[in-house]
Amino acid sequence: MERKWEAKLKQIEERASCYERKPLSSVYRPRLSKPEEPPSIWKLFHRQTQAFNFVKSCKEDVHVFALEYKVDDGQRIYLVTTYAQLWFYYKSRRNLLHCYEVIPENAVCKLYFDLEYNKLANPEADGKKMVALLIEHVCKALQELYRVDCSAEDVFNLDSSTDEKFSRHLIFQLHDVAFKDNIHVGNFVRKILQPAFHLIASEDDDSTSETPGLGFSHFPETPIKQGIAFSKMSSDKDRGENWTLDSREWERLGSAKQSSPDLSFLVVKNNTGEKHLFVDLGVYTRNRNFRLYKSSKIGKHVALEIAEDNKFFPKQSKNISEENQYFLSSLVSNVRFSDTLRILTCDTFQSKQKRVEHFSSTSTKAENIEGFHCSPYPEVDRFVLSLVNKNGIQGGIRCWNYFFPEELLVYDICKYRWCENIGRAHKSNNIMILVDLKNEVWYQKCHDPVCKAENFKSDCFPLPAEVCLLFLFKEEEEFTAAGTMNSETQNPKPPSGVLSEAASDAAWDDSIDETDFVEATEDAELAEAAENVLLSYSGGVDEIPDELIMQVLQE
DNA sequence: CAGCGCTACCACACCCC
DNA sequence: GGTGTGGTAGCG
């Protein structure tokens with residue numbers, strides 16, 4: 001819920017800034033389509049959300065990539081294009097040197113791993129052996145939990161090691177099987193590595209002592225409380241079956257006698273000697289950037305290349321080069337669709353709970369609404385801010401609450417603590433400003449326990465005319481709509497008459513996701529960034545043509 | 001003018017004894 | 001003093 005709210009705020013912010021930059025398109029630029037040429041889609045954005053908005057508006061199968069362009073602070077710009085077009089300009093490796101796939105949240109994806117350890121801190125470690133053992137363990141887990149058959153030959157093994165660091169990416173090429181999204185992949189990975197967490201937590205330094213006979217299975221329940229079962233669900237939209245791990249079957253499997261696997265090979269030491277896992281668990285977050293095959297980190301010169309011990313070989317194809325096949329295989333969110341595709345899920349206890357809460361959410365909060373920084377009443381906000389901006393102290397609105405029955409706006413104030421009760425500012429407690437729209441007055445209360453105990457409330461002061469006037473508008477509208485509108489308690493939307501700004505309007509518009517707001521920014525700096533990224537070298541057969549950069553400039 | 005998502009950590013408010 | 005919460009540095 002909070003997440004949705006944040007995303008919306010962000011979208012609004014984006015939209016506002018773009019409207020400011022380009023109020024209206026003043027020039028009509030007709031364009032002839034050339035049917036004989038494949039559609040060229042190549043757009044750069046400063047913001048990830050804008051890139052994804054553009055993807056949504058696109059008919060074609062386009063994807064978001066992140067391009068690093070500043071050495072120091074890892075700043076990125078976002079490219080939207082097709083896999084084919086990216087490969088066309090990418091393959092020469094003369095440009096687009098530091099490219100990342102953005103694994104979209106909520107997108108079906110492959111099972112993948114980021115593996116690493118410091119060679120100096122682990123002189124005895126045998127990386128290849130560790131990779132082989134991990135793959136073995138994962139395949140066993142896929143078989144036991146989902147009845148998925150696979151082997152090392154289905155694992156694309158990419159190497160990015162240096163003298164100091166052993167570094168690999170593994171991308172599983174399962175047949176007609178994918179995960180619901182990368183959050184589920186993370187849940188699965190944490191689950192199957194559970195026995196290894198015990199090894200890290202244990203203080204005794206003997207890394208091979210796995211306590212046998214404790215009776216826990218390969219993939220224990222805690223702390224990721226989650227069951228496993230193969231309840232075959234009805235087909236998930238248009239893409240085949242949905243296989244879900246569920247609790248009863250987990251118990252069944254758990255009760256089957258299984259010896260605890262020895263995962264001590266996964267334990268490595270970091271620079272400071274602390275125990276860590278060989279598997280990086282930080283790569284299963286929303287919209288994770290995952291470095292592309294043959295790309296290097298900016299400032300480094302080591303690209304991801306096929307590992308010596310890779311055993312995955314893509315099928316030969318007449319139309320697609322072998323390198324292109326490898327490239328396509330390396331893309332985590334490039335899942336081949338088929339009508340027999342199975343979508344694997346792996347829930348955590350928490351995410352399940354949340355879903356239950358969401359579906360069974362009662363309407364206890366339906367009467368009141370709340371938010372941060374600015375309420376749907378910008379005029380009132382401005383007035384409140386003027387009240388808490390005195391004697392050189394600039395207060396702010398920390399959050400607000402609106403109570404429908406009383407038509408009362410309660411503002412929690414920050415940075416300004418003047419309390420009428422004690423005649424000075426509180427030292428550690430904040431104050432509130434309450435705006436009573438019904439009686440057109442405002443007063444002050446505070447969070448201080450002493451003031452609260454005596455139920456302190458300052459004198460009431462009349463609201464200024466501009467706030468009241470707006471309130472009158474609201475009344476008028478309510479009056480005219482009185483016959484049909486009686487849904488205030490069901491729909492906690494403030495009267496629209498006072499929502500004078502477009503931003504406020506949008507804040508209540510649930511359909512904002514559907515609007516196509518897809519302008520690439522018109523910005524010299526972006527173009528410069530693009531040139532830096534794209535034209536790292538000059539000359540060459542597959543150099544990015546000028547038109548592609550111009551496209552960024554014009555649109 | 002311009003990255004994103006997340007975790008660990010800290011400071012502070014609040015609550016209770 | 002324990003617990004919850006908001007802000008943030010820093011990591012991947």
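Everything numeric here is computed off the predicted structure, so don't read it as measured data. Here is how names work: the chains are called A, B, and so on, in the same order as the sequence lines, proteins then strands, and each is numbered from 1.
With rounding to whole Å, A:L281 atom CG is found 18 Å from C:dC11 atom P. A:D412 places its CG atom 19 Å from the P atom of B:dC12, with the value rounded to the nearest Å. Atoms CG (A:D280) and P (B:dC6) sit 15 Å apart, rounded to a whole Å. As rounded to whole Å, 14 Å separates atom C1' of B:dA2 from atom CG of A:L44. In this structure, A:R168 places its CZ atom 20 Å from C1' of C:dG12, rounding to the nearest Å. Spacing between atom CD of A:E68 and atom C1' of B:dA2 amounts to 16 Å, rounded to whole angstrom units. In this entry the distance linking NZ of A:K297 with C1' of B:dG3 reads 16 Å, nearest Å. To the nearest angstrom, C1' of C:dG12 lies 13 Å from NE2 of A:H276.
One P atom belongs to C:dA9, the other to B:dG3, and the distance between them is 15 Å to the nearest Å. Nucleotides C:dG12 and B:dA2 have their P atoms positioned 24 Å apart, rounded to a whole Å.
When distances run from any side-chain atom of A:Q75 to the nucleotides C:dG12, B:dA2, B:dG5, the shortest one goes to B:dA2. Distance from the side chain of A:T285 is smallest for B:dC6 among the nucleotides B:dA2, B:dC6, C:dG12.
The side chain of A:Q48 contributes no N or O atom lying less than 4.0 Å from OP1 or OP2 of B:dC4. One finds no side-chain N or O of A:R288 lying less than 4.0 angstrom from the OP1 or OP2 phosphate oxygen of B:dG5. Distances shown here put a side-chain N or O of A:R417 below 4.0 Å from the OP1 or OP2 atom of B:dA13. Distances shorter than 4.0 Å separate none of the side-chain N or O atoms of A:N287 from OP1 or OP2 on B:dC4.
A donor-acceptor contact shorter than 3.5 Å links the side chain of A:Y90 to the backbone of A:S295.
Judged as a salt bridge (charged side-chain N to carboxylate O under 4.0 Å, His left out), and not counting sequence neighbours, A:E164 has no contacts.
In summary, A:E101 and A:R288 do not engage in a salt bridge, as defined by a charged side-chain N under 4.0 Å from a carboxylate O.
Donor-acceptor pairing under 3.5 Å is lacking for the side chains of A:H63 and A:S333.
As judged by a 4.0 angstrom heavy-atom cut-off over every strand, A:N289 is placed among the base-contacting residues.
Partner of A:D309 under the salt bridge (charged side-chain N to carboxylate O under 4.0 Å, His left out) criterion, chosen from A:R168, A:K128, A:K129: A:R168.
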